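Here the structure is a predicted model, which is why all the values come from computation and not from measurement.
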Amino acid sequence: RNNLLGEFFAPILSLQGVLDDAPRATLPEAVAELSKATTLPEGLVMPSAKRLAGICEGVMETAASSPARSVFPATIDGIANVHFVGAMILYTMESPFPFYAILTFPLNVKGVRKVSSLTHQLPLLRLICIAWKVLVRAPLYRFEGVAYRGLSITGNEALKEKYDDYATEFAVGRKITFAAPTSMTTNSAIAASFTRGIQFVIQGIGAGDAPAGVLLKKDDISLYDEEEVMMHAPCVGEVVAVTKPESTVIVVMKLLRSSMAYLFDDAFAMGDAAAALPP
């Protein structure tokens with residue numbers, strides 16, 4: 001992985017190999033560990049242990065009947081595939097609790113992006129990243145094309161600064177890194193409904209050596225019908241155009257080569273199950 005170092009990965013240098021030694025855990029174990037996180041997004045309150053266990057139980061029931069299980073080996077590193085599918089479903093959840101907000105908080109634009117800040121997130125992050133690697137190889141879940149992501153600058157000073165200085169922050173040729181697992185939509189109208197200041201248009205998903213995305217299908221690995229696509233972490237794109245019609249900054253990016261190996265080794269992640277995966 002040393003050949004991946006350099007300016008291309010400058011925003012995430014501190015995360016190299018972060019998942020190599022991440023604890024192997026079932027989904028209930030990963031959620032229990034996540035509940036220990038003390039640094040939370042503003043306004044978010046962690047549910048009680050009993051409430052979290054109940055939510056996790058419901059997710060596991062949904063995952064048990066998910067068609068996505070058919071593209072997984074029965075187990076990966078001794079953990080049944082239902083836990084990996086459940087992790088993806090949990091990631092899409094907004095209500096009754098947005099687990100993704102705690103999972104990604106240390107990696108977002110205001111996060112510290114250090115391994116030490118991810119201690120309680122690592123087991124769940126590992127489940128999600130491995131699930132992504134399996135699903136993206138399956139034609140039914142693989143996405144290639146253009147996707148959109150709307151961001152709100154309301155209450156987010158870091159994003160507000162980028163918005164105000166958009167000509168510099170999103171200058172053509174600049175590389176933008178999404179350090180956390182990131183969901184987008186294939187529907188520009190849905191993205192617009194989430195946009196309060198900045199909208200990304202990500203081109204070239206799955207083209208050339210750029211990574212593809214995973215379709216988060218409703219009633220399968222998503223709880224919602226938002227035509228979502230999940231990109232792996234980290235995801236890096238190069239700005240090819242930026243405009244500001246009225247009050248929205250629109251940033252057009254071309255997705256660059258896959259960088260997931262930066263977080264952990266493929267052979268480690270798949271363990272003995274690698275041979276059972278689709279080519």
Side-chain angles (χ1 to χ4, degrees), residues 4 6-13 15 91-92 100 104 107-111 113 132 136 141-217 222 224-263:
L4 296 178
E7 183 183 358
F8 188 75
F9 291 101
I12 51 169
L13 284 176
L15 297 177
Y91 173 84
T92 72
Y100 73 89
T104 63
L107 296 170
N108 68 18
V109 70
K110 295 193 295 184
R113 294 183 178 178
W132 185 96
V136 80
Y141 297 93
R142 183 181 180 89
F143 173 80
E144 299 178 355
V146 179
Y148 308 85
R149 179 170 174 79
L151 298 179
S152 173
I153 63 174
T154 304
N156 189 322
E157 287 302 316
L159 281 180
K160 180 67 163 53
E161 290 174 7
K162 292 179 180 294
Y163 174 86
D164 291 339
D165 193 21
Y166 75 92
T168 299
E169 292 290 337
F170 302 118
V172 172
R174 184 154 189 175
K175 295 177 177 62
I176 305 297
T177 299
F178 295 102
T182 301
S183 63
M184 308 172 185
T185 176
T186 60
N187 188 321
S188 60
I190 291 177
S193 70
F194 286 95
T195 301
R196 300 292 185 275
I198 302 173
Q199 183 175 127
F200 289 101
V201 180
I202 297 89
Q203 301 176 335
I205 298 174
D209 59 357
V214 166
L215 288 167
L216 301 179
K217 297 184 177 184
S222 177
Y224 310 102
D225 187 12
E226 294 177 349
E227 300 176 49
E228 275 188 290
V229 172
M230 181 178 177
M231 301 303 300
H232 67 52
C235 180
V236 184
E238 181 177 338
V239 178
V240 297
V242 59
T243 59
K244 189 182 179 184
E246 299 183 355
S247 61
T248 299
V249 173
I250 298 178
V251 183
V252 182
M253 298 166 48
K254 176 185 177 183
L255 199 63
L256 301 179
R257 72 179 188 270
S258 177
S259 50
M260 198 175 197
Y262 192 83
L263 295 188

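- With sequence neighbours left out, Ser183 forms a side-chain hydrogen bond (donor to acceptor under 3.5 Å, both in side chains) with Glu228.
- Here the OH-OG1 distance, from Tyr100 to Thr182, works out to 12.0 Å after rounding to the nearest 0.5 Å.
- Counting non-hydrogen atoms of other residues, nucleotides and ligands closer than 6.0 Å to NZ of Lys254 gives a total of 12 or fewer.
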Only distances under 3.5 Å count here; give the side-chain donor-acceptor pairs of residues 236-245 to other protein atoms, sequence neighbours excluded, each with its distance to 0.1 Å.
none

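- Contact between Lys217 and Tyr141 at its shortest, heavy atoms only, is CD-CE2, 4.1 Å.
- Scored by the side chain to side chain contact (heavy atoms under 4.5 Å, CB included) test, Thr186 finds Phe143, Glu227, Val229 as partners (sequence neighbours excluded).
- Ser152 meets the side chain to side chain contact (heavy atoms under 4.5 Å, CB included) test with Thr154, Arg196; sequence neighbours excluded.
- The closest side-chain heavy-atom distance from Phe194 to Ile190 is below 4.5 Å.
- Residue Lys160 holds its NZ atom at 10.0 Å from CD1 of Ile198, rounded to the nearest 0.5 Å.
- Listed by chain and number, the residues in a salt bridge (Lys or Arg N to Asp or Glu O under 4.0 Å) with Glu161 amount to none (sequence neighbours excluded).
- Judged as a side-chain hydrogen bond (donor to acceptor under 3.5 Å, both in side chains), and not counting sequence neighbours, the contacts of Gln199 are Thr195.
- Between Pro211 and Met231 the shortest heavy-atom distance is O-CE, 3.8 Å.
- The shortest heavy-atom contact between Gly204 and Ala210 is O-CB, 3.5 Å.
- Under the rule for a side-chain hydrogen bond (donor to acceptor under 3.5 Å, both in side chains), Tyr166 has no partner lying at least two apart in sequence or in another chain.
- Formation of a donor-acceptor pair under 3.5 Å by the Thr185 side chain with backbone atoms of Glu226 is found in this model.
- Listed by chain and residue number, nothing satisfies the side-chain hydrogen bond (donor to acceptor under 3.5 Å, both in side chains) test with Tyr91 (two or more places apart in sequence, or in another chain).
- The nearest pair of heavy atoms linking Leu255 to Cys235 is CD1-SG, 3.2 Å.
- For Phe200, the ring-ring contact (aromatic ring centres under 6.0 Å, His included) test picks out Phe170, Phe178, with sequence neighbours left out.
- Summarising the geometry of Arg142 relative to Val136, their closest heavy-atom pair is NH1-O, 3.2 Å, with the distance given to 0.1 Å.
- Residues passing the side chain to side chain contact (heavy atoms under 4.5 Å, CB included) test with Asp165 are Thr168, Glu169, sequence neighbours excluded.
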